[in-house]
Asker: 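Have a look at this one before I ask anything.
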Amino acid sequence: MANVYFASDFHLKTDSAESRQREMHIIDWLDSISPDIAELYLVGDVFDFWFDYKKVIPRGFTPILSRLFELRKNNIPVYFFTGNHDLWMFDYFTKELDIPIYKNPIIKEIQGKKIYIGHGDGLGPGDHGYKMIKKLFTNPIAQKMFRWLHPDVGIGLAHYFSSKSREAQDAVQEFLGPEKEWLIQFAEQQLLTDPCDYYIFGHRHLPINYLLSNQHSRYLNLGDWITFRSYGKMQGGNVQLHFYKNEKATPYS
């Protein structure tokens, strides 16, 4: 049976041995699921930083880009959602790899289930500081000014601030409960107006499989590949979290 896979928060970066090893784990995982994959959803922060320059391709990422190209060559649909670390992605993936880019969440029916999919940054209550910064980063004038920087300067600067942001995110590695998990609050609010069977996000860096208040819909956070190597697998209309060669890990609920 062909299955649908979801993954997020690889946080791949250039000039990093640790990231290179993580990339190899991801390649091995993609190889392992290749016999039964029907679709692949990459739900944000695949890269620790990405910027679509008009004439420059950032150094690195050849293994993952090649593997994604192979999936498309074999007619496997791949969907790419931008996260807060790779939001400066424009049309490179679409033109070179035939992979559509989604900058906002979408609702889609998959295997008979209605699913809300998005990275999750800036959704729900709280995180007001980031919401203001996101408005700046998505401003076309700010993007044009960044493009004027030499890539060695711009990418180096971006990696520094990306690492600080990721360290703050990774510092909260425990389930805070439904009252304090912003994406659970967001999903509960969505239930009131446009209920879905699943709400699938990344961003939180914590694998969570939580039954929402209607006792039917579920909020799933895909976790990350820095600590958990976690991903979602949909089979027969049911989505579960799994861990690649990380037998001790379990999702929070």
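Being a predicted model, the structure only gives us computed values, none of them experimental.
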Asker: Consider only side-chain heavy atoms of I, L, V, M, F, W and Y, link residues closer than 4.5 Å, and tell whether Phe201 and Met234 are in one cluster.
Answerer: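 Different hydrophobic clusters.
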Asker: Taking all non-hydrogen atoms of both residues, which atom of Ser8 and which atom of Gly202 are closest, and how far apart?
Answerer: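 Shortest heavy-atom separation between Ser8 and Gly202 comes out as OG-CA, 3.3 Å.
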Asker: With ring pair (Phe, Tyr, Trp, His ring centres under 6.0 Å) as the criterion, how do His85 and His203 come out once you've worked through the C-alpha distance, each side chain's angles and the decisive distance to 0.1 Å?
Answerer: CA-CA 10 Å; His85 283 258; His203 187 54; 8.4 Å; no
Asker: Where do Lys13 and Ser16 come nearest, in terms of heavy atoms and distance?
Answerer: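 In terms of heavy atoms, the two residues are closest at CG-CB, 3.7 Å.
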Asker: Give the cluster check for Val239 versus Val78: same hydrophobic cluster or not, with ILVMFWY residues linked at side-chain heavy-atom distances below 4.5 Å.
Answerer: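 No, no single cluster joins them.
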Asker: For Tyr116, which of Tyr41, Phe81, Phe186 qualifies under ring-ring contact (aromatic ring centres under 6.0 Å, His included)?
Answerer: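 The residue from Tyr41, Phe81, Phe186 that satisfies ring-ring contact (aromatic ring centres under 6.0 Å, His included) with Tyr116 turns out to be Phe186.
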Asker: Is there a donor-acceptor pair closer than 3.5 Å between any side-chain N or O of Arg20 and the backbone N or O of Met24?
Answerer: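 Side chain of Arg20 to backbone of Met24, a donor-acceptor pair under 3.5 Å: no, none is there.
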Asker: Starting from Leu192, walk the hydrophobic network (Ile, Leu, Val, Met, Phe, Trp, Tyr; side-chain heavy atoms closer than 4.5 Å) and list everyone else you reach, by chain and number.
Answerer: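 Leu192 clusters with nothing; isolated.
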Asker: Taking Ser217 for the side chain and Cys196 for the main chain, is one N or O donor matched with an acceptor at less than 3.5 Å?
Answerer: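 Yes; at least one donor-acceptor contact below 3.5 Å.
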Asker: Looking at side-chain heavy atoms only, is the closest gap between Pro105 and Leu123 below 4.5 Å?
Answerer: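 Pro105 reaches Leu123 side chain to side chain.
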Asker: Is any side-chain heavy atom of Tyr231 closer than 4.5 Å to a side-chain heavy atom of Tyr244?
Answerer: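 They are in contact (side-chain heavy atoms under 4.5 Å apart), so the answer is yes.
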Asker: Go through Ile115 and Ile107 one step at a time and tell me if the side-chain contact (heavy atoms from CB on, under 4.5 Å) criterion holds.
Answerer: CA-CA 6 Å; Ile115 304 180; Ile107 296 176; over 6 Å; no
Asker: Looking at Tyr199 and Ile117, would you say the former's side chain and the latter's main chain have a donor-acceptor pair under 3.5 Å?
Answerer: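 Pair absent, no side-chain N/O of Tyr199 close to backbone of Ile117.
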Asker: Is there a path of hydrophobic side-chain contacts, each under 4.5 Å between heavy atoms, that joins Leu42 and Leu30?
Answerer: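 Result: yes, single cluster for both.
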Asker: With a cut-off of 3.5 Å and sequence neighbours excluded, list every side-chain donor-acceptor pair involving residues 89-97.
Answerer:
residue	atom	partner	partner atom	Å
Asp91	OD2	Lys95	NZ	3.2
Thr94	OG1	Ile99	O	3.2

Asker: List for me each residue that meets side-chain contact (heavy atoms from CB on, under 4.5 Å) alongside Asp31, sequence neighbours excluded, and say none if there are none.
Answerer: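 Ile27, Arg67.
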Asker: Classify the ring geometry between Phe175 and Tyr210 as parallel (under 30°), tilted (30 to 60°) or perpendicular (over 60°).
Answerer: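 Correct class here is tilted.
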Asker: Could you measure the distance from the OH atom of Tyr252 to the CD atom of Glu181? Nearest 0.5 Å is fine.
Answerer: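 The CD atom of Glu181 is 10.5 Å from OH of Tyr252, to the nearest 0.5 Å.
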Asker: Quick one: do the Tyr198 and Asn209 side chains pair a donor with an acceptor below 3.5 Å?
Answerer: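 No, because no side-chain N or O of Tyr198 sits under 3.5 Å from a partner of the opposite role on Asn209.
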Asker: Using modelled atom types only, decide if a donor and an acceptor are shared between the side chain of Ser19 and the backbone of Leu12 within a distance under 3.5 Å.
Answerer: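 No: the side chain of Ser19 does not pair with the backbone of Leu12.
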Asker: List the residues meeting side-chain contact (heavy atoms from CB on, under 4.5 Å) with Lys180, not counting sequence neighbours, and say none if there are none.
Answerer: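 Expected list: Leu176.
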Asker: With a 4.5 Å heavy-atom cut-off, do Glu70 and Arg72 have their side chains touching?
Answerer: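 Result no, sub-4.5 Å side-chain heavy-atom pair not found.
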Asker: Taking all non-hydrogen atoms of both residues, which atom of Tyr79 and which atom of Pro100 are closest, and how far apart?
Answerer: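 Heavy atoms of Tyr79 and Pro100 come nearest at CD2-CG, 3.9 Å.
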Asker: Can you tell me if Glu188 uses its side chain to pair, donor with acceptor, with the backbone of Ser213 under 3.5 Å?
Answerer: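 Yes; judged by distance alone, with no hydrogens or angles, the pair exists.
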Asker: For a 4.5 angstrom cut-off between non-hydrogen side-chain atoms, does Lys103 reach Thr82?
Answerer: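 SC-SC contact between Lys103 and Thr82 confirmed.
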Asker: Ignoring hydrogens and angles, state whether a donor on the side chain of Tyr219 or Asn221 is under 3.5 Å from an acceptor on the partner side chain.
Answerer: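 Asn221 and Tyr219 do have a side-chain donor-acceptor pair below 3.5 Å.
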Asker: Which value, rounded to the nearest 0.5 Å, describes the distance between Leu206 atom CG and Glu174 atom CD?
Answerer: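 One finds 9.0 Å between CG of Leu206 and CD of Glu174.
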Asker: Measure the shortest side-chain to side-chain distance between Leu68 and Leu40 over non-hydrogen atoms and say whether it is less than 4.5 angstrom.
Answerer: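 Leu68 vs Leu40: side chains touch.
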Asker: So, Phe47 versus Phe61, ring centres under 6.0 angstrom or not?
Answerer: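 Yes, close enough.
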Asker: Among Gln111, His216, Arg218, whose side chain to side chain donor-acceptor pair (under 3.5 Å) with Asp197 holds?
Answerer: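 Of Gln111, His216, Arg218, side chain to side chain donor-acceptor pair (under 3.5 Å) with Asp197 is met by His216 alone.
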Asker: Has His205 got a side-chain atom pairing as donor or acceptor with Asp224's backbone, closer than 3.5 angstrom?
Answerer: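 It does not hold such a pair.
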Asker: Quick check: is Leu222 connected to Ile37 through a chain of hydrophobic side chains (ILVMFWY, heavy atoms under 4.5 Å apart)?
Answerer: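 Different hydrophobic clusters.
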Asker: Following the transitive rule for hydrophobic clusters with a side-chain heavy-atom cut-off under 4.5 Å over Ile, Leu, Val, Met, Phe, Trp and Tyr, establish whether Phe243 and Val43 coincide in one cluster.
Answerer: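 In one cluster with Phe243: Val43, no.
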Asker: Specify the closest pair of heavy atoms between Ser230 and Gly223, including all atoms of both residues, with the distance to one decimal.
Answerer: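 Minimum heavy-atom separation between Ser230 and Gly223: OG-CA, 3.4 Å.
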Asker: Enumerate the residue pairs fulfilling salt bridge (charged side-chain N to carboxylate O under 4.0 Å, His left out) with a member in residues 80-90, sequence neighbours excluded, ordered by first and then second residue.
Answerer: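 Output for this query is empty, none listed.
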Asker: Checking Arg229 side chain against His25 main chain: does a donor-acceptor pair fall under 3.5 Å?
Answerer: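 Answer holds: no.
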Asker: Tell me, with the steps shown, if His242 and Gln240 meet side-chain contact (heavy atoms from CB on, under 4.5 Å).
Answerer: CA-CA 6 Å; His242 298 265; Gln240 292 292 335; 3.8 Å; yes
Asker: Does any pair with a residue in residues 231-240 pass salt bridge (charged side-chain N to carboxylate O under 4.0 Å, His left out), and if so which ones, sequence neighbours excluded?
Answerer: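 Every candidate salt bridge (charged side-chain N to carboxylate O under 4.0 Å, His left out) pair involving residues 231-240 fails, so no pair, neighbours aside, qualifies.
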Asker: Output yes when Arg204 and Asp9 qualify as a salt bridge under the 4.0 Å nitrogen-oxygen rule, no when they do not.
Answerer: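 Salt bridge absent between Arg204 and Asp9.
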Asker: Determine whether the side chains of Glu39 and Tyr5 contain a donor N or O and an acceptor N or O closer than 3.5 Å.
Answerer: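 No pair is found: no donor N or O on one side chain lies under 3.5 Å from an acceptor on the other.
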Asker: Between Asp28 and Ser32 (side chain of the first, backbone of the second, donor and acceptor by atom type, cut-off under 3.5 Å), is there such a pair?
Answerer: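 Between the backbone of Ser32 and the side chain of Asp28 there is no qualifying donor-acceptor contact (under 3.5 Å).
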Asker: If the threshold is 4.0 Å, N to carboxylate O, is there a salt bridge linking Arg22 and Glu18?
Answerer: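 Yes, charged N to carboxylate O under 4.0 Å.
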Asker: Quick one, Phe6 and Leu220 - any side-chain contact, counting heavy atoms below 4.5 Å?
Answerer: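 Contact flag for Phe6/Leu220 side chains = no.
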Asker: Going from CD1 on Ile76 to OG on Ser34, what distance comes out if it is rounded to the nearest 0.5 angstrom?
Answerer: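 Taking CD1 in Ile76 and OG in Ser34, the distance rounds to 9.0 Å.
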Asker: Please walk me through it: do Asp121 and Asp45 pass side-chain contact (heavy atoms from CB on, under 4.5 Å)?
Answerer: CA-CA 10 Å; Asp121 57 310; Asp45 284 359; over 6 Å; no
